[in-house]
Amino acid sequence: MTLQLIDISVRDRQAHPRLAGRVTGHVRAVLSETLGSTEQTHDLAIPVWADVSADASDADIEMAMMLKAADIIARLKANIERPDAG
């Protein structure tokens, strides 16, 4: 089985209601899963947060959120691809 990230983008974001400097939101990730000759596409909305400085640009904030989501996806892939994962 292979799992590939084929698209990632910030779906929504907002300032955290109580923690200054923290942004929360959702990142849209599209994954392609191949199992034998079968291919399936998964469209996920991953909840993420990022701590950012007050002078961070919109692009920096979105990059921080996408990196957080990419880390979550990498951990998911590592668990799925483990030989003892069943």
- Item | Evaluation steps, side chain to side chain contact (heavy atoms under 4.5 Å, CB included), between Val27 and Ile8 | CA-CA 7 Å; Val27 170; Ile8 190 166; 3.4 Å; yes
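Nearest heavy atom pair, residue Pro47 against residue His26, reads CA-CD2, 3.8 Å.
Two different hydrophobic clusters hold Leu44 and Trp49 under the rule that ILVMFWY side chains link at heavy-atom gaps under 4.5 Å.
Arg28 places a side-chain heavy atom less than 4.5 Å from the side chain of Asp7.
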I'd like a table of donor-acceptor pairs (distance under 3.5 Å, sequence neighbours excluded) in which one partner is a side-chain atom from residues 33-41, with atom names and distances.
unit_1, atom_1, unit_2, atom_2, d
Glu33, OE1, His42, NE2, 2.7
Glu39, OE2, Ser32, OG, 3.3

Could you pull out all donor-acceptor pairs under 3.5 Å where a side-chain atom in residues 62-76 meets a protein atom, sequence neighbours excluded?
unit_1, atom_1, unit_2, atom_2, d
Asp71, OD2, Arg75, NE, 3.4

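Note that CG of Leu19 is 9.5 Å distant from OG1 of Thr24, once rounded to the nearest 0.5 Å.
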